[in-house]
Amino acid sequence: PHPRKSVRAMADNKAPPKDVIRILVSTDNHLGYLEKDPIRGEDSFRTFEEIFRIAKAAKVDLVLLGGDLFHENKPSRSTFFKAGEILRKHCLGDDPVHFEIVSDQSINFPDTACVNYENPN
(Lines give C-alpha, C1' and ligand atoms only; values in the text may rest on other atoms or scores of the structure.)
Protein backbone atom coordinates (compact mmCIF):
# COMPACT_ATOMS: atom_id res chain seq x y z
CA PRO A 1 0.00 0.00 0.00
CA HIS A 2 0.98 3.60 -0.56
CA PRO A 3 2.60 4.97 2.65
CA ARG A 4 0.40 8.06 2.78
CA LYS A 5 -2.74 5.93 2.71
CA SER A 6 -1.38 3.95 5.64
CA VAL A 7 -0.71 7.16 7.57
CA ARG A 8 -4.22 8.41 6.88
CA ALA A 9 -5.66 5.10 7.99
CA MET A 10 -3.70 5.32 11.26
CA ALA A 11 -4.81 8.89 11.84
CA ASP A 12 -8.45 8.01 11.20
CA ASN A 13 -8.41 5.26 13.81
CA LYS A 14 -9.82 6.03 17.21
CA ALA A 15 -7.33 7.05 19.86
CA PRO A 16 -5.24 4.19 21.24
CA PRO A 17 -5.79 3.08 24.83
CA LYS A 18 -4.17 5.35 27.42
CA ASP A 19 -1.50 2.76 28.17
CA VAL A 20 -0.27 2.65 24.55
CA ILE A 21 2.53 4.86 23.26
CA ARG A 22 2.81 5.35 19.51
CA ILE A 23 6.44 5.61 18.39
CA LEU A 24 7.70 6.47 14.93
CA VAL A 25 11.27 5.27 14.36
CA SER A 26 13.41 6.94 11.73
CA THR A 27 17.03 5.97 11.17
CA ASP A 28 19.96 7.03 9.05
CA ASN A 29 18.53 10.38 7.99
CA HIS A 30 21.94 11.63 6.78
CA LEU A 31 20.94 15.29 6.82
CA GLY A 32 23.16 17.29 4.50
CA TYR A 33 23.80 14.46 2.04
CA LEU A 34 24.71 16.06 -1.32
CA GLU A 35 23.81 19.44 0.15
CA LYS A 36 25.74 21.27 -2.58
CA ASP A 37 24.04 19.38 -5.40
CA PRO A 38 21.64 21.80 -7.16
CA ILE A 39 19.07 19.07 -7.80
CA ARG A 40 19.26 16.77 -4.77
CA GLY A 41 20.69 19.16 -2.18
CA GLU A 42 17.41 19.58 -0.30
CA ASP A 43 16.31 15.93 -0.45
CA SER A 44 17.46 14.95 3.04
CA PHE A 45 15.74 17.99 4.57
CA ARG A 46 12.50 17.41 2.65
CA THR A 47 12.51 13.82 3.86
CA PHE A 48 13.21 14.87 7.44
CA GLU A 49 10.32 17.33 7.27
CA GLU A 50 8.08 14.59 5.88
CA ILE A 51 8.94 12.31 8.80
CA PHE A 52 7.44 14.85 11.19
CA ARG A 53 4.38 15.43 8.98
CA ILE A 54 3.77 11.66 9.00
CA ALA A 55 4.27 11.60 12.77
CA LYS A 56 1.67 14.32 13.22
CA ALA A 57 -0.81 12.67 10.86
CA ALA A 58 -0.37 9.34 12.65
CA LYS A 59 -0.70 11.06 16.03
CA VAL A 60 2.48 9.51 17.37
CA ASP A 61 3.64 10.26 20.88
CA LEU A 62 7.35 10.00 20.19
CA VAL A 63 9.70 10.23 17.21
CA LEU A 64 12.84 8.20 17.83
CA LEU A 65 15.77 9.19 15.61
CA GLY A 66 18.35 6.41 15.46
CA GLY A 67 21.44 5.91 13.36
CA ASP A 68 23.10 8.79 11.56
CA LEU A 69 21.15 12.04 11.88
CA PHE A 70 23.82 13.93 9.92
CA HIS A 71 25.72 12.70 6.89
CA GLU A 72 28.99 14.28 8.04
CA ASN A 73 30.38 13.97 11.55
CA LYS A 74 30.85 17.76 11.49
CA PRO A 75 27.83 19.06 9.58
CA SER A 76 27.98 22.40 7.81
CA ARG A 77 26.40 25.43 9.46
CA SER A 78 23.65 25.34 6.87
CA THR A 79 22.85 21.68 7.59
CA PHE A 80 22.94 22.24 11.34
CA PHE A 81 20.69 25.31 11.01
CA LYS A 82 18.15 23.54 8.77
CA ALA A 83 18.02 20.56 11.13
CA GLY A 84 17.43 22.87 14.08
CA GLU A 85 14.67 24.72 12.26
CA ILE A 86 12.84 21.49 11.42
CA LEU A 87 13.20 20.16 14.97
CA ARG A 88 12.06 23.48 16.45
CA LYS A 89 9.06 23.63 14.12
CA HIS A 90 7.85 20.13 14.97
CA CYS A 91 9.18 19.29 18.43
CA LEU A 92 8.96 22.39 20.58
CA GLY A 93 5.67 23.65 21.89
CA ASP A 94 3.19 23.44 24.68
CA ASP A 95 1.58 20.12 23.78
CA PRO A 96 1.32 17.90 26.84
CA VAL A 97 3.70 14.99 27.34
CA HIS A 98 1.66 11.93 28.29
CA PHE A 99 4.31 9.80 29.92
CA GLU A 100 6.42 10.14 32.99
CA ILE A 101 10.03 9.27 33.72
CA VAL A 102 9.85 7.43 37.03
CA SER A 103 13.55 6.84 37.65
CA ASP A 104 15.70 9.24 39.65
CA GLN A 105 16.27 11.98 37.10
CA SER A 106 19.24 13.44 38.95
CA ILE A 107 21.08 10.16 38.26
CA ASN A 108 20.01 9.74 34.64
CA PHE A 109 20.32 13.42 33.74
CA PRO A 110 23.15 14.68 35.98
CA ASP A 111 23.69 17.96 34.11
CA THR A 112 20.09 19.15 34.34
CA ALA A 113 18.56 16.90 37.03
CA CYS A 114 15.46 16.51 34.89
CA VAL A 115 14.34 15.07 31.57
CA ASN A 116 14.44 17.62 28.73
CA TYR A 117 10.67 18.03 28.33
CA GLU A 118 10.44 19.19 31.96
CA ASN A 119 13.32 21.65 31.61
CA PRO A 120 11.91 25.21 31.35
CA ASN A 121 14.85 26.28 29.17
Side-chain angles (χ1 to χ4, degrees):
H2 191 276
R4 290 196 175 140
K5 290 181 184 176
S6 299
V7 170
R8 285 192 189 109
M10 283 191 296
D12 290 340
N13 288 341
K14 61 183 178 185
K18 291 187 183 228
D19 61 348
V20 171
I21 297 176
R22 288 185 174 185
I23 301 172
L24 184 147
V25 178
S26 174
T27 64
D28 299 303
N29 301 108
H30 288 271
L31 295 176
Y33 178 70
L34 294 177
E35 70 179 312
K36 294 184 180 178
D37 184 289
I39 296 170
R40 297 189 54 202
E42 293 294 316
D43 286 358
S44 64
F45 303 106
R46 287 188 194 114
T47 301
F48 196 51
E49 183 87 35
E50 184 176 12
I51 289 163
F52 289 103
R53 285 196 305 269
I54 289 169
K56 184 171 183 134
K59 300 176 184 170
V60 303
D61 300 298
L62 173 73
V63 176
L64 177 63
L65 301 173
D68 298 323
L69 179 60
F70 296 106
H71 185 66
E72 301 289 338
N73 65 345
K74 293 181 181 177
S76 69
R77 279 188 186 174
S78 174
T79 292
F80 201 73
F81 178 79
K82 289 176 186 176
E85 287 293 304
I86 294 168
L87 289 168
R88 226 180 333 275
K89 178 179 175 182
H90 295 284
C91 299
L92 298 181
D94 295 325
D95 290 347
V97 176
H98 297 288
F99 65 91
E100 179 181 4
I101 304 295
V102 294
S103 62
D104 184 345
Q105 294 183 37
S106 65
I107 293 171
N108 295 315
F109 307 99
D111 294 335
T112 60
C114 69
V115 67
N116 63 354
Y117 67 84
E118 290 182 356
N119 187 330
N121 298 319

Within-4.5 Å side-chain heavy-atom neighbours: [X] and [Y]:
X	Y	value
Phe45	Ile86	yes
Asp28	Tyr33	no
Ser78	Glu35	yes

Which pair of non-hydrogen atoms, one from [X] and one from [Y], has the smallest distance, and what is that distance?
X	Y	answer
Thr79	Gly32	OG1-CA, 3.5 Å
Val63	Val60	CG2-CG2, 4.1 Å
Leu31	Ala83	CD1-CB, 3.7 Å

Inset, instruction - For the pair His90 and Phe52, name the ring-plane relationship: parallel under 30°, tilted 30 to 60°, perpendicular over 60°. - result: parallel
Legend entry - N-O pairing of Glu50 and Arg53 below 4.0 Å: no
Legend entry - Partner set under salt bridge (charged side-chain N to carboxylate O under 4.0 Å, His left out) for Arg77, not counting sequence neighbours: none
Legend entry - Leu34 backbone acceptor or donor facing Arg40 side chain under 3.5 Å: no
Legend entry - Partner set under side-chain contact (heavy atoms from CB on, under 4.5 Å) for Asp111, not counting sequence neighbours: none
Inset, instruction - For Leu64, look at atom CG and say whether over 12 heavy atoms of other residues, nucleotides or ligands are found less than 6.0 Å away. - result: yes
